[in-house]
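Reading through the structure tokens given below for one structure.
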Amino acid sequence: MAADPRPQILTINTGSSSLKAGLYDADSNETLNLNATVERIGQTGARLGVYGVGGVLLADEELELPDHGAAMRALLGWLARGGTDRSVAAIGHRVVHGGRAFGEPVAITDAVVAELRRLVPLAPNHLPQALDAIAVATNAFPGLPQVACFDTAFHRTLPRVARLYPLPRRFEAEGVVRYGFHGLSYESVISQLATVDPAAVSGRLVIAHLGNGASMVALRGGISVETTMGFTPSGGLMMGTRTGDLDPGVLLFLQREHGLGPSALGDLVNHDGGLRGVSGGSGDMRDLLARETSDPRAAEAVALFCYLAKKAIGGLAAVLGGLDGLVFTGGIGEHAAPVRERICADLRFLGVRLDPARNRVDEAVISEEGGPTVVRIVRTDEDRMIARHTARLLREEGASDVPL
């Protein structure tokens, strides 16, 4: 691939076992010129896929990638071989947890990295991966501006009562409060919705980000007032491999009666629970929907996911005092029509009335025409939000050597 002379922003989005990247024009058009995915990091059969404009496949390589640092080096190596790395003017990173220190995107400095390392216990399954990616990028592009964009920042508007846990005050002083996550996804949805239907943003809205990680947010006037995740990304809704909320007594029982220590409990809550745990096999909703007619455990996992999601919508609507709009996003939310249908069943008291034909083909609006609550599908684009925040911050900070 020939080097692009235009300055571009490289976005890096690390997951627990994946890495996504994009190259966006650094101007206000935010044109996506290239995107890449690295899957199964730390497992056998890790793959790097690179795609050009229109989804044209540019590379598909099976690699041995023991960690996210290796995945980042593989990605940057591919860019360097084609000279594409020379167009990178800045790098934006998705960082899951900003703690109390970071309520908005920030330029990455040694002090910022030190604070992120201090926050690792709050998100041990996410922050180390982001820090590895930042370290590799810093080594490959010394002096190049880098920006950290935090998932927690979107929820800085949560009312104090929504942040508190019913614990002794001393723990609040240590930062044991509710933060909320998936903020970049929610920002993306709100940004898109504002251009399609500004009135929808000003009303009482619930956004359901349903994927391998899942959460919901209640918004009033586009502002986050409640969300399902709390102190860590492990809480809230049932997810692909995460349990979501549990009676804390369950963990105490497992510790006392089964001898599970912190590490084993962490694996149970984050990797062995959720859809995977209930189904006894897969944490992928596509697999479970395909198997549910022949596998009772798969059917029960799907049913529990939908039940808990429905219950969460009811609770968020209560916080809002009603519901004007419901948006589905994320891999499951955007593509699993049966899941949307089951979640919305019995929500007619909130004005939710799906149009089965629209829902079946994933239309942008899937509620009945003229219904009191508009139900939509909006495709999230976290990476574009990273690019937007990175460009904006550099302009505001007057990075004169970066042609934005």
Under 3.5 Å, is there a donor-acceptor pair linking the side chains of [X] and [Y]?
| X | Y | value |
| --- | --- | --- |
| Arg388 | Ser28 | no |
| Asp383 | Asn35 | no |
| Ser282 | Asp287 | yes |
| His271 | Thr241 | no |
| Gln192 | Ser188 | yes |
| Glu334 | Thr329 | yes |
| His182 | Ser215 | yes |

Legend entry - Basic-acidic side-chain contact under 4.0 Å: Arg47, Glu62: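 Looking at Glu62 together with Arg47, the answer is yes, because their closest N to O distance falls below 4.0 Å.
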Legend entry - Short N-O contact, Arg297 and Glu300, less than 4.0 angstrom: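 Salt bridge: no.
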Legend entry - Which atom of Leu394 lies closest to which atom of Ala90, heavy atoms considered: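 Closest approach of Leu394 to Ala90: CD1-CB, 3.3 Å.
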Legend entry - Crowding at CD, Glu369 (>12 non-hydrogen neighbours, <6.0 Å):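 Not more than 12 within 6.0 Å, no.
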Inset, instruction - Could you pull out all residues at least two apart from Phe253 that satisfy ring pair (Phe, Tyr, Trp, His ring centres under 6.0 Å)? - result: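 Testing Phe253 for ring pair (Phe, Tyr, Trp, His ring centres under 6.0 Å), a comparison that skips the adjacent residues, returns His258.
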Inset, instruction - Can you sort out the partners of Phe181 under ring pair (Phe, Tyr, Trp, His ring centres under 6.0 Å), two or more places apart, ordered by chain and number? - result: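 Only His97 meet the ring pair (Phe, Tyr, Trp, His ring centres under 6.0 Å) criterion with Phe181.
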Inset, instruction - Show the numbers, then the answer: is there a side chain to side chain contact (heavy atoms under 4.5 Å, CB included) between Glu382 and Thr11? - result: CA-CA 10 Å; Glu382 295 171 327; Thr11 63; over 6 Å; no
